There are 2 protein chains.
Amino acid sequence: MTSIKKTSVNYENKLQLGSECAQVYAALMLGGQWTLAICCHLAGGKLRFGELRKKIPAITERMLTLQLRKMETNKLIVRKVYAEVPPRVEYELSESGQKLIPILIQLDNWGRQHQEYLQQHA
Amino acid sequence: MTSIKKTSVNYENKLQLGSECAQVYAALMLGGQWTLAICCHLAGGKLRFGELRKKIPAITERMLTLQLRKMETNKLIVRKVYAEVPPRVEYELSESGQKLIPILIQLDNWGRQHQEYLQQHA
DNA sequence: TATGGTACTATCAAAAATGTAAGTATTATG
DNA sequence: CATAATACTTACATTTTTGATAGTACCATA
C-alpha cells in the first residue's frame with residue numbers, strides 16, 4: 001500500500017494532529033524515513049536522482065521515488081525534468097524547503113548533545 | 001507488534017541513518033506519531049498520565065503508554081511514580097528534552113509559513 | 001540489430017505502527 | 001461487600017510503511 005486510506009481512524013488522527021499545533025504538522029511533512037536525509041543532501045544544492053541514490057546507498061529506487069514524490073507533493077522540493085535521452089531529472093529544495101536548513105542545523109546540534117546526554121545517564 | 005525486529009533490514013537502515021547525520025538521529029528520537037504532541041504539552045510543565053490523555057483526546061491509552069515508554073527510554077522525558085493509591089504518575093521533559101523547546105518553536109513557525117506557502121502555490 | 005544509460009513503475013511480500021476492546025492491581029470509601 | 005479512581009497491560013485486528021525483484025521507455029551509439 002502506498003497511500004493512506006482516507007476512511008481510517010489513523011488518517012483522521014493525522015489530520016487532527018496536524019491542525020492542533022504547527023510543529024506536529026511540520027513533523028508530518030518531514031516524517032518519511034528518508035525525508036530528512038534527502039533534505040540534508042539537497043541542502044548542498046540540486047542533485048539528480050542517481051546522485052541521491054549514490055549518496056544514500058541503503059535506499060532502494062522504489063523508496064527514493066516514493067519519498068521524492070511525497071516531498072514534491074508537499075512542496076519541500078522542486079523537480080525539474082529535462083527533455084533529454086537518457087533522461088535527466090534534478091531535485092532541489094523549494095523556497096520553503098530552504099528555510100528548513102537552519103532548523104536542521106539546530107536539530108543536528110541537539111542530536112549530538114542528546115547522544116552525549118544518553119551516554120552520561122546510561 | 002510493538003518493538004522493532006533487530007534482524008530486519010529496516011532496523012539496519014534506521015541504525016545507519018541515525019549514525020549518518022545527527023538530525024536524522026534526532027528525527028528517530030522524535031519519530032512517533034504522538035511524540036511531538038506530547039513534547040508540546042509537557043513544554044508547559046509536568047503532567048499526569050490522565051492529564052495528557054485529556055489534552056490529546058484522540059490518543060488511546062495504549063498508544064499514550066507506548067509513546068511515553070519510548071520517550072522515557074530515549075530519555076526525552078522523566079517518569080515519576082508516587083506510591084499512592086489510586087496511583088499517581090507524573091511526566092516531565094528531561095534536561096535534554098527541554099533543550100528541544102526552542103527548536104519546537106521554530107518548527108512551529110516554519111509549519112505556519114509552510115502552510116501559507118502551500119496555499120500560495122496551490 | 002543489439003547495448004547502454006537514466007529514471008523510473010509494477011507486483012508481491014514482509015515488517016512496523018496503530019487501533020479496538022477488554023482486563024488488572026491497589027485501597028479508600030459507602 | 002461493592003464501587004470508584006488511576007495508570008496501566010494483554011490479545012488481537014487493521015492499516016501503513018518498507019523491502020525485494022523484475023520490468024519499462026527512450027534514443028544515441030557501436
Side-chain angles (χ1 to χ4, degrees), chain A residues 1-17 24 27-28 30-38 46-72 77 79-91, chain B residues 1-17 24 27-28 30-38 46-72 77 79-91:
Chain A
M1 241 161 245
T2 331
S3 62
I4 190 167
K5 198 171 172 181
K6 297 198 176 163
T7 56
S8 70
V9 172
N10 192 275
Y11 178 74
E12 294 297 330
N13 279 342
K14 287 196 175 166
L15 278 187
Q16 210 218 326
L17 269 170
V24 177
L28 291 179
L30 306 175
Q33 179 165 209
W34 311 87
T35 301
L36 276 189
I38 294 173
K46 63 179 66 167
L47 288 175
R48 297 179 61 173
F49 184 87
E51 291 173 324
L52 275 171
R53 203 160 59 103
K54 277 173 205 153
K55 295 209 177 225
I56 312 175
I59 202 173
T60 61
E61 295 192 335
R62 181 180 125 85
M63 282 312 296
L64 184 52
T65 303
L66 286 177
Q67 297 283 312
L68 288 171
R69 288 285 182 282
K70 183 184 171 192
M71 295 169 78
E72 192 195 357
I77 58 173
R79 180 172 179 261
K80 279 189 196 160
V81 186
Y82 295 85
E84 300 175 2
V85 168
R88 182 158 66 102
V89 181
E90 285 180 348
Y91 295 92
Chain B
M1 241 160 246
T2 331
S3 63
I4 190 167
K5 199 171 172 181
K6 298 199 175 163
T7 56
S8 69
V9 172
N10 192 274
Y11 179 74
E12 296 295 331
N13 279 342
K14 287 195 175 165
L15 278 187
Q16 208 218 326
L17 269 170
V24 178
L28 292 179
L30 306 176
Q33 180 166 208
W34 311 86
T35 302
L36 276 190
I38 294 172
K46 63 178 66 166
L47 289 174
R48 297 179 61 173
F49 185 87
E51 291 173 323
L52 275 171
R53 204 160 57 103
K54 277 172 205 154
K55 296 208 177 227
I56 312 176
I59 201 172
T60 62
E61 294 192 336
R62 181 181 125 85
M63 281 314 294
L64 183 52
T65 303
L66 286 176
Q67 298 283 312
L68 289 170
R69 288 285 182 282
K70 184 184 171 193
M71 293 168 78
E72 193 195 356
I77 59 174
R79 179 171 180 261
K80 278 187 195 159
V81 185
Y82 295 85
E84 301 175 3
V85 168
R88 181 157 66 102
V89 182
E90 284 179 347
Y91 295 93

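These numbers were taken from a predicted model, which means no experiment stands behind them. Throughout, a chain's letter reflects where its sequence line sits, starting with A, and its residues are numbered from 1.
Two residues are said to be in side-chain contact when any heavy atoms from C-beta on lie closer than 4.5 Å; B:Met71 and B:Arg79 fail this criterion. At least one side-chain heavy atom of B:Leu28 sits less than 4.5 Å from a side-chain heavy atom of B:Lys14. No side-chain heavy atom of B:Met63 sits under 4.5 Å from any side-chain heavy atom of B:Gln33. At a threshold of 4.5 Å between non-hydrogen side-chain atoms, the residues B:Leu68 and B:Val89 do not count as touching. Counting only heavy atoms from C-beta outward, the side chains of A:Ile59 and B:Asn13 never approach each other to under 4.5 Å.
Taking every side-chain heavy atom of B:Leu66 into account, C:dT18 is the closest of C:dA17, C:dT18, D:dT9. Of all nucleotides listed (C:dG19, D:dT16, D:dA7), C:dG19 comes nearest to the side chain of A:Val9. Ranking C:dG19, C:dA17, D:dT18 by closeness to the B:Lys14 side chain, first place goes to C:dA17. Distances from the side chain of B:Thr60 to the nucleotides C:dT20, C:dA7, C:dT26 place C:dT20 closest. Nearest nucleotide to the side chain of B:Lys5, out of D:dT6, C:dA7, C:dA15: C:dA15. The nucleotide whose nearest atom lies closest to any side-chain atom of A:Met63 is, among D:dG19, C:dA7, C:dT9, D:dG19. In the set D:dT15, D:dG19, D:dT18, D:dT18 carries the atom at the smallest distance from any side-chain atom of A:Gln67. For B:Arg48, taking side-chain heavy atoms from C-beta onward, the closest of the listed nucleotides D:dT6, C:dT18, C:dA16 is D:dT6. Of all nucleotides listed (D:dT6, D:dT18, D:dC27), D:dT6 comes nearest to the side chain of B:Pro86.
B:Asn13 places its CG atom 17 Å from the P atom of D:dT17, with the value rounded to the nearest Å. Atom CZ of A:Arg79 is separated from atom P of C:dT6 by 17 Å (rounded to the nearest Å). A straight line from OH of B:Tyr11 to C1' of C:dA17 spans 17 Å, rounded to a whole angstrom. One atom, CD of A:Glu12, and another, P of D:dT15, lie 13 Å apart when rounded to the nearest Å. Rounding to whole angstrom units, CH2 of residue B:Trp34 and P of C:dT18 are separated by 9 Å. The distance between atom CG of B:Leu47 and atom P of D:dA7, rounded to the nearest whole Å, is 11 Å. The distance between atom CD1 of B:Ile38 and atom P of C:dT18, rounded to the nearest whole Å, is 11 Å. Taking atom CG of residue B:Leu28 and atom P of nucleotide C:dA17, one finds them 10 Å apart after rounding to whole Å.
Annotation: the terminal axes of the helix from C:dT1-D:dA30 to C:dG30-D:dC1 meet at 30°, where each axis is the rotation carrying the C1' atoms of four end pairs onto the next four (5 pairs per end, rounded to 10°).
Comparing A:Gly32 and A:Thr7 against DNA chain D, the residue whose closest nucleotide sits nearer the 5' end is A:Thr7. Nearest-nucleotide mapping onto DNA chain C: of A:Val89 and B:Ile59, the residue sitting toward the 5' end is A:Val89. Nearest-nucleotide positions on DNA chain D for A:Glu61 and A:Asn10 put A:Asn10 closer to the 5' end.
Here A:Tyr82 lies out of heavy-atom contact (under 4.0 Å) with every strand. Across all strands shown, A:Ser8 has heavy atoms under 4.0 Å from sugar-phosphate atoms exclusively, and none from any base. A:Gln33 comes within contact range of the sugar-phosphate backbone alone, with a heavy-atom separation under 4.0 Å but no base atom that close.
Atom NZ of B:Lys70 sits in a crowded spot, with more than 12 heavy atoms from other residues, nucleotides or ligands closer than 6.0 Å.
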Check the pair A:Arg69 / A:Glu72 against side-chain contact (heavy atoms from CB on, under 4.5 Å), numbers first and verdict last.
CA-CA 5 Å; A:Arg69 288 285 182 282; A:Glu72 192 195 357; 4.3 Å; yes
Mind running side-chain contact (heavy atoms from CB on, under 4.5 Å) on B:Trp34 and B:Leu66 for me, showing each step along the way?
CA-CA 10 Å; B:Trp34 311 86; B:Leu66 286 176; over 6 Å; no
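Between the side chain of A:Arg62 and the base of D:dT18, at least one donor-acceptor pair of N or O atoms lies under 3.5 Å.
To the nearest 0.5 angstrom, A:Arg53 atom CZ is 4.5 Å from A:Glu61 atom CD.
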